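I have placed the structure first, in the form of structure tokens, so that the comments after it can refer back to it.
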2 protein chains.
Amino acid sequence: MSQTVDRALSILPLLAQGPADLGQVAERLGVHKSTALRLLRTLHEHGLVYRQQDQRYRLGARLFALAQEAVENLDVREIAHNHLVELNEQCGHTVHLAVYEENEVLYIDKVESRYPVRMYSRIGKPVAITVAAVAKLLLADLTEPERRAIAEKLDYPMYTSRSVPNAGAFLRELAVVREQGWATDLGGHEESINCVGAPVRGADGRVVAAMSVSAPNVVVTAEELLTLLPLVRRTADAISREYSGSTPTEKA
Amino acid sequence: MSQTVDRALSILPLLAQGPADLGQVAERLGVHKSTALRLLRTLHEHGLVYRQQDQRYRLGARLFALAQEAVENLDVREIAHNHLVELNEQCGHTVHLAVYEENEVLYIDKVESRYPVRMYSRIGKPVAITVAAVAKLLLADLTEPERRAIAEKLDYPMYTSRSVPNAGAFLRELAVVREQGWATDLGGHEESINCVGAPVRGADGRVVAAMSVSAPNVVVTAEELLTLLPLVRRTADAISREYSGSTPTEKA
DNA sequence: AATGGGCGTTGCACATGATGCAACGTCGGC
DNA sequence: GCCGACGTTGCATCATGTGCAACGCCCATT
């Protein structure tokens, strides 16, 4: 809608692929160098873009700060966190919390028992939306036309032989999930990883987030993991209750 | 430099404080509602801003993705990570990696032994720049006028009685750090936490990052922590060597 | 040393595109 | 069922962003 801003913002994903110099930015934007320069300068002033010694531009530190503040303002996450930790202590497996937003599903919290490292490497990454248990839970709550629209737009990569293959299968899966109120991913993303998940609901019953427990085959079989389902659902329900009770999105 | 983009970008930190509706955004920007609307729409198209059910705006998911890609493009971090993990396995304490950028110091990696949770809660957060060991290391490498300029611009909050109190003390501390090639923070940020840090240098000798080991008094005394200094320096030097050797910022 | 090319930068004239206004539509509340 | 608040739209004005061309700088080449 606003050409100037549109161009400026287009620079960000461009730089996300790696540093670039002024000429490259101008070319890929299809504008004159001087125009690109002014846009970059403006981005720079706001800290979204950083200029390294070789004068090339890359994404700046303020982006982290913004993403950080953004995630901290999600009250679901704040409420859920203690419950996730507790669940992790009880079962020992990796616990995820995710939300749906604008055709994307993203993790907003994670508690991992065994490898504490590189935790943030998942946050913000595109979730395998067609197979992940949390994605199914979040999409299953949309209206039927919404589900259909999204299902048709998606790609269905065959991560494994058990990945959801196409829109039809996905919609059927969503119907099942919607009906039963929980979801699984049994080796659909990585052959040896299984997940069980349950939805977190707001006061109006709408799904506001989804959580899941993941574990590799070598630790527990899929059947054993499924025995955790009651525990997972209880945890999700506890979060739902607390979230509904504490007047969501009410503070400052 | 570019008014339109400048206004649009000013919306982001504004929303970082919490969701806001169109009127609030327009007012705080000092522009007409219709102008704010178009800016928000453009931000929305790029996924930087999200519109929740109550029509209020908040920061969007794409920010996470961008911050994520940005951090992955930092090759220091990639190279350092294994070394940090190794160090953590040897000493058991929390290990940090930080860089300096545009008057800010930020953590770009962290390995925590005891509480694997909420790791990302530190990433992107403003580091206590006047007291943190990594901050001293990074600032100590700047030129004298740069150091002076920054030292005078900073605030010197007294987190504890041992916090660095003012610009003069800070500059003296930086001189010491610059001289000795390592830094500490002994209860300057939190009364019971001590840190020891060492710099990571590029091929030209400039400090490109800094790392530190942190531990609470109740686990090890400051003196015991200081015995780790050789190990910390060895790790930092190993990272420096690998970073310098592998032709930094050279791939794609 | 001297020269040439590449890249970032600046000032400027032009007109495109951003701005504020006022009017309309819609939703929610007293 | 009316009133007020808020988001939304079309439009006339002109402020602002745009591309051009010229400059200066650094590095690489001979």
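These figures come from a predicted structure and were not determined experimentally. Here is the naming used below: chain letters follow the sequence lines, and residue numbers restart at 1 for every chain.
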Does OP1 or OP2 of dT9(D) have a side-chain N or O of Arg41(B) closer than 4.0 Å? yes
Below 4.0 angstrom, N of the basic side chain to O of the carboxylate: do Arg41(A) and Glu45(A) qualify? no
Lys33(B) NZ to dG10(D) P, in whole Å, measures 16 Å
Using the ring of each side chain (for Trp, its six-membered ring), is Phe170(A) parallel, tilted or perpendicular to Tyr156(A), with breaks at 30° and 60°? perpendicular
Has Glu144(B) got more than 12 heavy atoms of other residues, nucleotides or ligands less than 6.0 Å from its CD? yes
Among the nucleotides dG7(D), dA18(C), dT9(C), which one has an atom lying closest to any side-chain atom of Thr4(A)? dA18(C)
What integer distance in Å separates Arg38(B):CZ from dG17(D):P? 12 Å
Value in whole Å for how far the C1' atom of dT8(D) lies from CE of Met1(A): 11 Å
Can you find an N or O donor on one side and an acceptor on the other, under 3.5 Å apart, linking the side chain of Ser2(B) with the base of dG17(D)? no
Inspect the surroundings of CD in Gln180(A) and state if more than 12 heavy atoms from other residues, nucleotides or ligands are less than 6.0 Å away. yes
CG of Leu154(B) to CG of Asn103(B), rounded to nearest 0.5 Å, is 8.0 Å
Integer-rounded Å distance: dT18(D) P and Leu29(A) CG: 10 Å
Need to verify one output field. Residue with the more 5' nearest nucleotide on DNA chain C, Ser34(A) or Gln3(A)? Ser34(A)
Does Thr35(A) contact dG17(D) through a side-chain donor or acceptor facing the base, at a distance under 3.5 Å? no
Distance, rounded to the nearest Å, where Glu27(A) contributes CD and dC7(C) contributes P: 10 Å
Between His32(B) and Leu37(A), just flag the one whose closest nucleotide in DNA chain C comes earlier from the 5' side. Leu37(A)
Can you measure Asp6(A) atom CG to dT16(C) atom P for me and round it to whole angstrom units? 19 Å
Rounding to an integer number of Å, can you tell me how far Asp54(B) CG sits from dC27(C) P? 16 Å
Among dT8(D), dT16(D), dA18(C), the nucleotide that comes nearest once only the side chain of Gln55(B) is considered: dT8(D)
Do the side-chain N or O atoms of Arg7(A) get closer than 4.0 angstrom to the phosphate oxygens (OP1, OP2) of dT18(D)? yes
Side chain of Arg51(B) (C-beta onward), nearest among dG7(D), dC20(D), dT9(D): dG7(D)
Between C1' of dT16(D) and CG of Leu39(B), the distance in whole Å: 14 Å
